[in-house]
Amino acid sequence: MTRPRAPATMSASPVHVVVMAAGLGKRMRSARPKVLHAIAGRPMLAHVLDAARAIAPAGIAVVVGHGGDEVERALAGPGLVFVRQDPPRGTGDAVRVALAALPRDGVTVVVNGDTPLIPGPLLHALAGRAARGRLALLTAHVPDPSGLGRVVRDGSGSVHRIVEDRDASGPEREIGEIYTGVLAAPTALLAAWVAKLVPHNAQNEYYLTDVVASAVADGVTVDAVVAPDERDARGINDRVQLAEVERIVQRRLAETLMRAGTAIADPARFDVRGSLECGQDVSIDVGCVFEGRVVLGDGVRVGPYCVLRDAEVGPGTEVLACSMLDGATVGANARVGPYARLRPGAELDDDVHVGNFVEVKASTLGRGSKANHLAYVGDATVGERVNIGAGTITANYDGASKHRTVIGDDASIGSNAVLVAPVEIGAGATIAGGSTITGNAPAGELTVARAKQVTVAGWKRPAKKPR
């Protein structure tokens, strides 16, 4: 029988990537496909695709099964083709299905969709070995190999085969070097090897690991590339492992920021679920969460247990404890919180103070304006140096439509006032405390709109009847 041969040189050959994402993920105990569970705010499969794209592949085939439509909707993009493995019949069958959708030239890298820490340079190294006509396996030395495929070497130290944990003998289970599920090979050879696979195991599945024996039989060199950091190749099978990998990712993100000059009080209590850009001398206290794209200017201080989502904070601003900034922009030298909430469309200029239990939505506050406590500012344009008293609200919704409130520069709004939009408060105007303003208030004048105080002589409070 003529054995398949790889081209003598493949240095300029294209690289294809197969991402295996068809697993049921039973141990996650979730209706959501395993590869869509989030790491650092993104599906774990998205991290794997980032690593795959880093090696500039000619194409990427993602093998899906359970929840395939949901996976495709979440991650569809240019250069990706999704193929179905139905029914699921093991890793070898998954690669066979994927190769049917890819050209047979160049080399193919196979990676699991549940290994979000896999770095692009490791995939590049494997592809380079495969380009020399070899089967390249990514292995790792782990402290606890239980449940993982073991790398069995011969007397010379060369890789002889991979044995799955469930099929391993007692001595084989003592081996600490494991196969990570990542390999690369000349595409033509890989296609020939998976075509010959047979399900000779207890699960009646086609194991991709059996291609090692085929490579050895064909005289193809089997290279083992050992991961320098075993964590990079960790797979996720349950929620415990999901949380462990999440903390690895967050620790790495924190260390990167700290080395760049950001002060993080406790990296173990710090979460980025998107991107975080920090200027010089930024300080972040414990328990903070950053989602979407967050930008913190020089000297920004973020107090404990704050949540910032798609927010930009200017230099020198302090965000005090337990505040939430969602879709908000804050200028320089401002103060937000504690317990403040800035909702989408909130724009605070320089030197603005928004204090405890203040909510701002779809509003602009001009330079130096203050709402220090217990206020709601919604759908409003607030000028400069305005003071908004405690308990004041802009009544912006009439049950059908939103209306806007405009407050001019240097206005003073007394405590417990209600500004019923649409309404305009002129520059320098004063609104007396407890007023309900339903019409425009002129500039520079005091406006009072409250009922006259009355004392009812002899009135008695109703008393409960004795039992």
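Predicted model, so just to flag it, every value in this text is computed and none were measured.
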Rounded at 0.5 Å granularity, tell me how far [atom1] in [X] sits from [atom2] in [Y].
X: L308; Y: L325; atom1: CG; atom2: CG; result: 4.5 Å
X: L49; Y: I60; atom1: CG; atom2: CD1; result: 6.0 Å
X: I284; Y: D266; atom1: CD1; atom2: CG; result: 12.5 Å
X: L138; Y: L123; atom1: CG; atom2: CG; result: 8.0 Å
X: E164; Y: E205; atom1: CD; atom2: CD; result: 9.0 Å
X: H353; Y: R335; atom1: NE2; atom2: CZ; result: 4.5 Å

Are [X] and [Y] close enough that some pair of their side-chain heavy atoms sits under 4.5 Å apart?
X: V182; Y: L122; answer: no
X: D105; Y: H16; answer: yes
X: D238; Y: E244; answer: no
X: E318; Y: V336; answer: no
X: V212; Y: Y179; answer: no
X: V62; Y: L45; answer: yes
X: Y305; Y: R269; answer: yes
X: E177; Y: V226; answer: yes

Test side chain to side chain contact (heavy atoms under 4.5 Å, CB included) applied to T364 and D349, step by step | CA-CA 8 Å; T364 60; D349 206 335; over 6 Å; no
Is there a donor in the side chain of S412 and an acceptor in the side chain of T430, or the other way round, less than 3.5 Å apart?
-> no
Just checking, any donor-acceptor pair under 3.5 angstrom between side chains of N396 and T394?
-> no
Out of T381, V354, V330, which residue meets the side-chain contact (heavy atoms from CB on, under 4.5 Å) rule with L365?
-> V354
Checking [X] side chain against [Y] main chain: does a donor-acceptor pair fall under 3.5 Å?
X: T317; Y: A334; answer: yes
X: T139; Y: I178; answer: no
X: E312; Y: R293; answer: no
X: N112; Y: D114; answer: no
X: N440; Y: E424; answer: yes
X: S363; Y: D379; answer: yes
X: D298; Y: P315; answer: no
X: S30; Y: R32; answer: yes
X: R150; Y: L148; answer: yes
X: E359; Y: L342; answer: no

Does the pair V245 and M44 meet the rule for a side chain to side chain contact (heavy atoms under 4.5 Å, CB included), with working shown?
-> CA-CA 10 Å; V245 171; M44 67 174 80; over 6 Å; no
Would you say R301 has more than 12 foreign heavy atoms packed within less than 6.0 Å of its CZ?
-> no
R27 atom CZ: more than 12 heavy-atom contacts under 6.0 Å = no
Taking all non-hydrogen atoms of both residues into account, name the closest pair between [X] and [Y] and its distance.
X: K34; Y: I236; answer: NZ-O, 3.0 Å
X: C288; Y: G303; answer: SG-O, 3.0 Å
X: R450; Y: A432; answer: NH1-CB, 3.9 Å
X: P267; Y: A254; answer: CB-CB, 3.9 Å
X: M20; Y: A94; answer: SD-CB, 3.9 Å
X: G314; Y: V300; answer: O-CG2, 3.1 Å

Quick one: do R84 and D69 make a salt bridge, cutoff under 4.0 Å?
-> yes
Using salt bridge (Lys or Arg N to Asp or Glu O under 4.0 Å) as the criterion, point out the one residue from R341, R343, R309 that pairs with D326.
-> R309
Mutual orientation of the aromatic rings belonging to Y339 and F357 [parallel < 30°, tilted 30-60°, perpendicular > 60°] = parallel
Quick one: do D271 and R247 satisfy salt bridge (Lys or Arg N to Asp or Glu O under 4.0 Å)? Show the steps, please.
-> CA-CA 9 Å; D271 286 86; R247 293 327 310 163; 2.9 Å; yes
Chi angles and distances behind the side chain to side chain contact (heavy atoms under 4.5 Å, CB included) call for T115, V48 | CA-CA 7 Å; T115 54; V48 178; 4.1 Å; yes
Criterion side chain to side chain contact (heavy atoms under 4.5 Å, CB included) on I437 and L419, from CA distance to verdict | CA-CA 5 Å; I437 304 298; L419 309 181; 3.8 Å; yes
